[in-house]
*Asks:* 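Let me give you the structure first, and then I'll get to my questions.
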Amino acid sequence: MGLHMIFQRRRFLQLAAGAAAIGAVPRAAIGQSYPARPVRILVGFSAGQAIDINTRIIAQWLSERLSQQFIVENRPGAGGNLGTEAVVRAAPDGYTLLAVGSNNMINATLYEKLNFNFIRDIAPVASVTRVYQVMEVSPSFPTKTVPEFIAYAKSNPGNVSFASAGSGSVAHVAGELFKMMTGVNMLHVPYRGAVPALTDLLGGQIHVMFDNTPSSIEHIRAGRLRPLAVSAMTRLDELPDIPTVDDFVPGFETSAWGGVGAPRDTPTEIIDILNRTINAALADPKLKARFADFGGKVLPLSPAEYGKRIAEETEKWARVIKFAGIKPG
């Protein structure tokens, strides 16, 4: 090889190395500079709901640890779909995030025509909490255990009603899962939120509800509602004397999830920064106690683990929704 060719080859390798370095700088710099301006976290529901409260706790932690404001912005509507679509359409730069909830995993099947595919279009960032449900009846209802309830419902087909916070809510699909796994025939009565549903349950107009534990626990402790079982696979610390539904209906488990997602193609470096920072919050005793006040159990996961859980929950609720023929309210 002549000297000229050797020089040319060396020059090419130098240029190639230089180009590779230039290409690598932005990716490395992303991790060092993020966040460089305020970040929005969109919540698809009104302020004051559980997903909103949990998101604000995490937003405050992120603001303090990453030295930029993380601003919670409420975009209610269409069962959370409006907020989700806004994030799907946002730039994948880490400055618009989504408060992910069980509604996202339910809506993927519940709504036949969405302008997005949740699993494809939202990158999992971090799991935050999960809240379990409690199967509860009014004290006047003539059953005290799950087996007694199943026997009563089977001997009174179609005459037992269960309440929910609306069609497609966690309380609704939990009740439909119970029907599917036990073969009982119950009438679903949807309400516009959990509060009016609980009011009628307390008054005895409705027979049973699979409510989120935080909104029912004080009624249970005061004796105004009778808990039959909880939807976790193990007993809950806050209701240690109450069995699980799984004790009587093997494999039954439901929960409402909260987490954080980002538009697809958001750089891995940004997702990793957010995941590490959020998981640090979930390990902090004070924050764990704050989540526990709202009935939340922290659930730290890697982005890949969180994505796997989302896919599993989406598939699980798809089976229930199709079996029950659930339609949006």
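Start at 1 with the first residue, then count along the sequence.
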*Asks:* Would you find more than 12 non-hydrogen atoms of other residues, nucleotides or ligands less than 6.0 Å from R120 atom CZ?
*Replies:*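 Enclosed.
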*Asks:* Closest approach of N279 and S127, non-hydrogen atoms and distance?
*Replies:*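 Closest approach of N279 to S127, heavy atoms only: OD1-O, 4.4 Å.
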*Asks:* Can you tell me how far CE of M105 sits from CD1 of I310, rounded to the nearest 0.5 angstrom?
*Replies:*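 Those atoms lie 5.0 Å apart.
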*Asks:* For Y95, check ring-ring contact (aromatic ring centres under 6.0 Å, His included) against everything at least two apart and list the hits.
*Replies:*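 Scan of Y95 (ring-ring contact (aromatic ring centres under 6.0 Å, His included), adjacent residues dropped) gives Y34.
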*Asks:* Looking at A318 and T109, what are the two nearest heavy atoms and their distance?
*Replies:*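 Where A318 meets T109 most closely, the heavy atoms are CB-OG1, 3.2 Å.
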*Asks:* Determine yes or no for a side-chain-to-main-chain donor-acceptor pair under 3.5 angstrom, with N156 supplying the side chain and A153 the backbone.
*Replies:*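 Not a single qualifying donor-acceptor pair exists.
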*Asks:* Would a distance-only check, ignoring hydrogens and angles, find a side-chain to backbone donor-acceptor pair under 3.5 Å from N74 to F45?
*Replies:*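 Side chain of N74 to backbone of F45: a pair is present.
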*Asks:* Treating W61 as the side-chain partner and T277 as the backbone partner, does any N or O pair qualify as donor plus acceptor under 3.5 Å?
*Replies:*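 A pair under 3.5 Å: yes.
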*Asks:* Check this for me, if you would: do E85 and R89 make a salt bridge, where the nitrogen-to-carboxylate-oxygen distance has to be below 4.0 angstrom?
*Replies:*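 Judged by the 4.0 Å cut-off on N to carboxylate O distance, E85 and R89 do form a salt bridge.
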*Asks:* Going by atom types alone, do H172 and S167 pair a side-chain donor with an acceptor below 3.5 Å?
*Replies:*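 Checked: H172/S167 side chains show no N/O donor-acceptor pair below 3.5 Å.
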*Asks:* In the structure I gave you, are the side-chain heavy atoms of V43 and V72 within less than 4.5 Å of one another anywhere?
*Replies:*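 Yes, close enough: below the 4.5 Å cut-off.
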*Asks:* Report yes or no: do V170 and F118 belong to one cluster of Ile/Leu/Val/Met/Phe/Trp/Tyr joined by side chain heavy-atom distances under 4.5 Å?
*Replies:*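 They do share one cluster, since a chain of ILVMFWY contacts under 4.5 Å joins V170 to F118.
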*Asks:* If every non-hydrogen atom of F248 is compared with every non-hydrogen atom of P147, which pair is closest and at what distance?
*Replies:*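 Closest approach of F248 to P147, heavy atoms only: CD2-CG, 3.6 Å.
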*Asks:* Could you see if V87 belongs to whatever hydrophobic cluster contains Y111? Use Ile, Leu, Val, Met, Phe, Trp, Tyr and a side-chain cutoff under 4.5 Å.
*Replies:*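 Same cluster: V87 reaches Y111 through Ile, Leu, Val, Met, Phe, Trp or Tyr contacts under 4.5 Å.
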*Asks:* How far does CD1 of I58 sit from CD1 of I53, to the nearest 0.5 angstrom?
*Replies:*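 Rounded to the nearest 0.5 Å, the CD1-CD1 separation comes out at 13.5 Å.
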*Asks:* Testing the 3.5 Å rule here: is there a donor-acceptor pair between the side chains of H188 and S164?
*Replies:*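 Judged by distance alone, the side chains do pair up.
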*Asks:* Can you find a heavy atom in the side chain of L198 that is under 4.5 Å from one in the side chain of S216?
*Replies:*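 The answer is yes; the side chains approach within 4.5 Å.
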*Asks:* With a 4.5 Å limit on heavy-atom distance, are the side chains of E238 and T213 in contact?
*Replies:*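 Yes, close enough: below the 4.5 Å cut-off.
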*Asks:* Within the side chain of R235, is there an N or O that forms a donor-acceptor pair under 3.5 Å with the backbone of P240?
*Replies:*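 Yes, the answer is positive, given that a donor and an acceptor are paired below the 3.5 Å cut-off.
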*Asks:* Would you kindly confirm whether L110 and L98 end up in one hydrophobic cluster when ILVMFWY residues are joined by side chain heavy atoms under 4.5 Å apart?
*Replies:*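 Yes: a chain of side-chain contacts under 4.5 Å links L110 to L98.
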*Asks:* Between F149 and F141, how do the two ring planes meet: parallel, tilted or perpendicular, split at 30° and 60°?
*Replies:*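 Taking F141 first and then F149, their aromatic rings sit tilted (interplane angle of 30° to 60°).
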*Asks:* If only atom types and distance count, is the side chain of Q133 paired as donor or acceptor with the main-chain N or O of S255 below 3.5 Å?
*Replies:*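 It does hold such a pair.
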*Asks:* Fit a plane to each ring of F252 and F178, take the angle between them on a 0 to 90° scale, and name the class: parallel (under 30°), tilted (30 to 60°) or perpendicular (over 60°).
*Replies:*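 Because their plane-to-plane angle is over 60°, the rings of F252 and F178 count as perpendicular.
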*Asks:* Might you confirm whether atom CD of Q69 has over 12 heavy atoms from other residues, nucleotides or ligands at distances under 6.0 Å?
*Replies:*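 No, the 6.0 Å shell around CD holds no more than 12 heavy atoms from other groups.
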*Asks:* So, taking the atom named CZ in R40 and the one named CD1 in I71, what distance separates them when rounded to the nearest 0.5 Å?
*Replies:*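 Going from CZ on R40 over to CD1 on I71, the span is 9.0 Å.
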*Asks:* Between Y191 and D200, does a side-chain contact (heavy atoms from CB on, under 4.5 Å) hold up when you go through it step by step?
*Replies:* CA-CA 10 Å; Y191 288 79; D200 276 5; 2.7 Å; yes
*Asks:* For the hydrophobic clusters of this structure (ILVMFWY residues joined by side-chain heavy atoms under 4.5 Å, transitively), does one cluster hold both M209 and V245?
*Replies:*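 The answer is no; the residues belong to distinct hydrophobic clusters.
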*Asks:* Please check: side-chain N/O of N103 versus main-chain N/O of G80, any donor-acceptor pairing under 3.5 Å?
*Replies:*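 Side chain of N103 to backbone of G80: no pair is present.
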*Asks:* With side-chain contact (heavy atoms from CB on, under 4.5 Å) as the criterion, how do V128 and L299 come out once you've worked through the C-alpha distance, each side chain's angles and the decisive distance to 0.1 Å?
*Replies:* CA-CA 6 Å; V128 178; L299 188 67; over 6 Å; no
*Asks:* In Å and rounded to the nearest 0.5 Å, what is the CZ to OG distance from R226 to S138?
*Replies:*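 R226 CZ to S138 OG: 7.5 Å, rounded to 0.5 Å.
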*Asks:* Could you measure the distance from the OG1 atom of T84 to the CD1 atom of I122? Nearest 0.5 Å is fine.
*Replies:*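 These two atoms lie 6.5 Å from each other.
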*Asks:* Is any side-chain heavy atom of L114 closer than 4.5 Å to one of N81?
*Replies:*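 Yes, at least one pair of side-chain atoms sits under 4.5 Å.
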*Asks:* Is the side chain of D247 donor-acceptor paired with the backbone N or O of T244 at a distance under 3.5 Å, no angle test?
*Replies:*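 Here the side-chain-to-backbone pair exists.
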*Asks:* Hey, is CD on Q205 packed in by over 12 heavy atoms from elsewhere, all under 6.0 Å?
*Replies:*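 Above 12, so yes.
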*Asks:* Is any side-chain heavy atom of F70 closer than 4.5 Å to one of L274?
*Replies:*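 Yes - at least one pair of side-chain heavy atoms lies under 4.5 Å apart.
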*Asks:* Search all heavy atoms of L82 against all heavy atoms of P76 and return the closest pair with its distance.
*Replies:*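 Reported closest heavy-atom pair: CD1-O, 3.6 Å.
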*Asks:* Is a side-chain donor or acceptor of N275 paired with a backbone partner of I271 at a separation under 3.5 angstrom?
*Replies:*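 No; zero donor-acceptor contacts below 3.5 Å.
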*Asks:* Which residues pass the side chain to side chain donor-acceptor pair (under 3.5 Å) test with K316, not counting sequence neighbours?
*Replies:*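 Applying side chain to side chain donor-acceptor pair (under 3.5 Å) to K316 gives E253.
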*Asks:* Of H219, E136, E218, which is the lone residue that meets side-chain hydrogen bond (donor to acceptor under 3.5 Å, both in side chains) with R224?
*Replies:*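 Per the side-chain hydrogen bond (donor to acceptor under 3.5 Å, both in side chains) rule, the option paired with R224 is H219, out of H219, E136, E218.
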*Asks:* Measuring only between side-chain heavy atoms, which start at C-beta, is V134 closer than 4.5 Å to L236?
*Replies:*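 No, side chains not in contact.
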*Asks:* Verify the cluster assignment for L201 and L228: are they in a single hydrophobic cluster under the rule of side-chain heavy atoms below 4.5 Å apart?
*Replies:*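 No: no chain of side-chain contacts under 4.5 Å links L201 to L228.
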*Asks:* If you look only at distance, which donor and acceptor atoms sit under 3.5 Å apart when one is on a side chain in residues 319-329 and the other is two or more places apart or in another chain?
*Replies:*
{"unit_1": "K327", "atom_1": "NZ", "unit_2": "E112", "atom_2": "OE2", "d": "3.3"}

*Asks:* Check S231 against T254 and note the closest heavy-atom contact, atom names and distance.
*Replies:*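 Closest approach of S231 to T254: OG-O, 2.7 Å.
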*Asks:* Checking D52 against S46 for the side chain to side chain donor-acceptor pair (under 3.5 Å) test, could you report, in this order, the C-alpha distance in whole Å, the side-chain angles of both residues, the deciding distance, and whether it holds?
*Replies:* CA-CA 7 Å; D52 174 75; S46 302; over 6 Å; no
*Asks:* Say whether, by atom type as modelled, one donor and one acceptor occur between the side chain of S155 and the main chain of Y152 under 3.5 angstrom.
*Replies:*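 Judged by distance alone, yes, a pair lies under 3.5 Å.
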*Asks:* Taking all heavy atoms of V39 and all of G94, pick out the closest pair and write down the distance.
*Replies:*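 Result for this residue pair: CG1-O, 3.5 Å.
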*Asks:* Any heavy-atom pair between the side chains of E148 and T145 that's under 4.5 Å?
*Replies:*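 The answer is yes; the side chains approach within 4.5 Å.
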*Asks:* Would E313 and K308 pass as an ion pair if we require N to O under 4.0 Å?
*Replies:*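 Looking at E313 and K308, the cut-off is not met.
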*Asks:* Any side-chain to backbone donor/acceptor pair from S102 onto W257? Under 3.5 Å, distance only.
*Replies:*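 Yes, the answer is positive, given that a donor and an acceptor are paired below the 3.5 Å cut-off.
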*Asks:* Kindly compute the distance separating NZ (K297) from CZ (F291), expressed to the nearest 0.5 Å.
*Replies:*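 If I round to the nearest 0.5 Å, the distance is 13.5 Å.
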*Asks:* May I ask you to decide whether R37 forms a salt bridge with D93, counting only side-chain N to carboxylate O separations under 4.0 Å?
*Replies:*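 D93 and R37: salt-bridged.
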*Asks:* Are any of the side-chain heavy atoms of N117 and I119 separated by less than 4.5 Å?
*Replies:*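 Result yes, sub-4.5 Å side-chain heavy-atom pair found.
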*Asks:* Test side-chain contact (heavy atoms from CB on, under 4.5 Å) on L225 and V137; report intermediate values, then the result.
*Replies:* CA-CA 6 Å; L225 289 175; V137 297; over 6 Å; no
